[in-house]
Amino acid sequence: MLPEQTPLTALKGVGPGIAAKLATLHLITIQDLLFHLPLRYQDRTRISPIAACRMGTELMLEGEVLATELVFGRRRSLLCRIKDASGIITLRFFHFSAAQKNALTPGARIRCYGEVRVGKTGLELYHPEYQFIAPDQVAIVQTHLTPVYPVTEGLQQPRLRALVDQALGMLGDGERLVDWLPQTIRSDLGFMSLTDAIRFLHHPPVSGATGSMLMKLADGQHPAQRRLAFEELLSHRLCLRRLREQAELLSAPPLPLRKHHTVQFLRGLPFALTAAQKRVCREIADDLAQSNPMLRLLQGDVGSGKTVVAAIAALQAVENGYQAAVMAPTEILAEQHFVNFSRWLEPLGLQVGWLSGKVKGKKREEQLQAFSSGGAQIIVGTHALFQEEVSFAKLGLVIIDEQHRFGVHQRLALREKGATGHFIPHQLVMTATPIPRTLAMSAYADLDCSVIDELPPGRSPVNTLIIANTRRAEVIERIYHACAQGSQAYWVCTLIEESEALQCQAAEVTAETLRTQLPDIAIGLIHGRMKPREKAVVMDAFKGGLLQLLVATTVIEVGVDVPNASLMVIENPERLGLAQLHQLRGRVGRGAIASHCLLLYQAPLSQVAKQRLTIMRDSNDGFYIAEQDLQIRGPGQVLGTQQTGLMSFRIADLSRDSGMLDEVKIQAELIQRKYPENVEPLIRRWLGDRELYGNV
Ligand code: ADP
Ligand code: MG
């Protein structure tokens, strides 16, 4: 049996319920689970004295339960005080059963692991994992680092760890992970085998130098990680090349610039295009006139004016009797585009269609009808546009706005939706994620790239300040004054929790606290676990000025445009990648008022963190920031790549691993030439069919 074909239900204890939860993490087969690598590790190889607890550290404690009580504050929580020879500390639980509560009786001995935070009772261990220790039991500690996986609701770390262990156990007997990196390449590059790398990363054995190994792992520099990262980059490169080759076999309708709608549109605009906008418009116009499909990435910093460029490209398709579809990753963004496009294009006598998951019943029928009859020339929507039932009369151009979660090549594959025979539409992908030029050159060698490297005139740059959390009261004061003067503000909560649920909880707690501290200010809350409709209500209230302060997790939508918002507080900014910080900060500074961004960090900051925040303070240029980030990226960066926002890799990180790209290119060519049969399995392993079609 091959792990890529064995469903997870083959594991003991995995029934349909657990399988469904695993599926939300995109884990379907044994191989998926084996490749579900830890986000980070915990060192549970030693027990620390309670007296050693410091704010922000994670450690393992062992002690005797003194008392357990239920407290009903803003949130119900269970507090359990434990003591050891060195001191006393409180454990705080938010989710617990009656049985759990009853078992934590005075005198019981427990071993627990968690993060130390400051709570109502002083230092507290937040929601620790724990186990009971019998009185005569000798303290057995782990001999391996403990993995921390991305999890989902109802599927906690211990369960996932046990399942991974089971899957690893199967690798010995019968199941075999095929190594698609040929042996010659592996030995040339000094790589360990795939199975060894996977085994190691799930259970790094502890040797003498645990600290330095943890650092290496945290930096993605361990040979096991580098071997996998290399294979992943290689697979992506092979995939990009294949898409490009396939595209070259296909044709697209030539859509020459006819200067009809486009000229009319430009005349009606209240501003002139910047030189950079004009340049990229020309690049796109030239591509569209060709009979082979455009594959172009449009990069431009937040606020650089990509939407106008998209509208001009769309009009060029319409001038030639074709339709253009514009897709955005979220309802809010898509709707914003719909409003803009309608406002701009309806005066030209064009019909703008609209589709999202929320459009139902008769309205939906009408829209679908307008798309398939050609009644709507420009169609704006969410992923709903790529559903089976949607068909277009004559789709000439697909424009996809900002979608970090998918790699560029995956987005490009979406274009196949509009294909008819050998004809496929042209495609333009817009991103505000600045990709350093050096990287873009090697990583996207197969993709055409246009860059808007200039902001429209008259923007006031955002003034960024770095402030320690100890000065929180001043920050709150500032919010009060800004709101009192009629401005609006964002408060962004960040956490490194692997669970989105905990992130959202943290935002809820922050919103509650701020409501008591700022009773006169109308405060709203938005986070990733709210229903789209609930989110829309909150966003509308904020846009309309009914809410003055919006507390949000990092999900606040890229591209949200509220010009009256002039202040943003980002909590624990040291935990985010600079690209993401820059994106967030782009939500302010959209109007005429001078804007501020306060980076409220948790002291003490590491040297590298200090350096990174300083870059944020000193520059508003996304490309410069990305280049600098690339140079100083160092410890403190969690494993994985979600934080970089560059591309969706599981293990590789374009910034961190850019040094490998030349070798990747060489080996990709070698594999295509000498081992063509390995290409498909590599792509399938790392990108999978599901990702190719951008399933969300
Ligand atoms: P982004 O590139 O982040 O998507 P937008 O397209 O939303 O940026 O543009 C940001 C704002 O700048 C919009 O209000 C838009 O109308 C305005 N804008 C775009 N181009 C220009 C320009 N050349 N001069 C002045 N304002 C512009
Ligand atoms: Mg935009």
Side-chain angles (χ1 to χ4, degrees), residues 262-263 265-284 296-315 324-345 347 352 378 380-382 398-405 411 428-435 449-462 490 539 543 556-566 568 579-593 595 597 620-623 625-626 645:
T262 42
V263 170
F265 171 67
L266 285 174
R267 227 177 265 141
L269 273 183
F271 49 76
L273 295 186
T274 62
Q277 282 171 318
K278 283 188 194 148
R279 190 187 65 242
V280 303
C281 281
R282 258 197 314 275
E283 289 165 355
I284 294 167
R296 190 169 280 278
L297 177 68
L298 173 60
Q299 292 186 61
D301 215 338
V302 263
S304 61
K306 293 183 291 294
T307 321
V308 174
V309 173
I312 292 167
L315 287 173
V326 183
M327 191 191 80
T330 68
E331 186 91 31
I332 293 177
L333 269 184
E335 201 176 314
Q336 203 165 293
H337 281 323
F338 175 65
V339 169
N340 279 327
F341 277 74
S342 307
R343 184 164 50 94
W344 286 337
L345 307 183
V352 182
I378 313 268
V380 183
T382 59
V398 173
I399 300 173
I400 299 183
D401 192 13
E402 189 62 55
Q403 173 64 289
H404 303 220
R405 275 176 296 164
R411 306 172 228 189
L428 181 66
V429 175
M430 305 197 288
T431 174
T433 305
I435 301 166
C449 222
S450 292
V451 180
I452 309 183
D453 49 8
E454 173 187 5
L455 289 182
R459 295 275 166 81
S460 46
V462 181
Y490 296 97
M539 272 324 294
K543 274 188 219 162
I556 54 167
E557 319 285 342
V558 190
V560 164
D561 207 9
V562 182
N564 191 43
S566 66
M568 174 176 282
Q580 202 180 354
L581 278 176
H582 180 66
Q583 289 278 323
L584 283 170
R585 182 173 60 179
R587 302 306 111 231
V588 290
R590 304 205 145 206
I593 2 164
S595 294
C597 176
N620 273 295
D621 174 349
F623 284 95
I625 291 171

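Counting starts at 1 for both ligands and their atoms, in listed order. For this chain, numbers begin at 1 and follow the sequence in order. Just so you know, these numbers come straight off a predicted model, no measurement behind them.
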- request: Any chance you could lay out the side-chain contact (heavy atoms from CB on, under 4.5 Å) test for Val398 and Met327, step after step, and finish with the verdict?
  value: CA-CA 8 Å; Val398 173; Met327 191 191 80; 5.7 Å; no
- request: Mind running side-chain contact (heavy atoms from CB on, under 4.5 Å) on Val280 and Lys306 for me, showing each step along the way?
  value: CA-CA 10 Å; Val280 303; Lys306 293 183 291 294; over 6 Å; no
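Here's the thing with Lys306: one of its N/O atoms is less than 3.5 angstrom from an N/O atom of ligand 1. The N/O atoms of Ala272, backbone and side chain alike, include one that comes under 3.5 Å of an N/O atom in ligand 1. Backbone and side-chain nitrogen or oxygen atoms of Val308 are examined, and none is located within less than 3.5 angstrom of a nitrogen or oxygen of ligand 1. At under 3.5 Å, a nitrogen or oxygen of Gly305, whether backbone or side chain, sits near a nitrogen or oxygen of ligand 1.
The proximity of Gln277 to ligand 1, defined as any non-hydrogen pair under 4.0 Å, is limited to the side chain. Of the heavy atoms in Thr307, both backbone and side-chain atoms come closer than 4.0 Å to ligand 1.
Evaluated for a side chain to side chain contact (heavy atoms under 4.5 Å, CB included) with Val429, the options Asp401, Leu297, Leu298 yield exactly one hit, Leu297.
Smallest separation of non-hydrogen atoms from Ile312 and Leu266: CD1-CD2, 3.8 Å. When all heavy atoms of Thr274 and Pro456 are compared, the closest pair comes out as CG2-CA, 3.7 Å. When all heavy atoms are compared, the tightest approach of Ala565 to Ser595 is O-OG, 4.3 Å.
Near Asp301, with a cut-off below 4.0 Å to any heavy atom, the atoms of ligand 1 are 2 (O). Heavy-atom contacts of Thr274 reach the following atoms of ligand 1: 23 (N) (cutoff under 4.0 Å).
Under a 4.0 Å heavy-atom criterion, Gly300 is not in contact with ligand 1.
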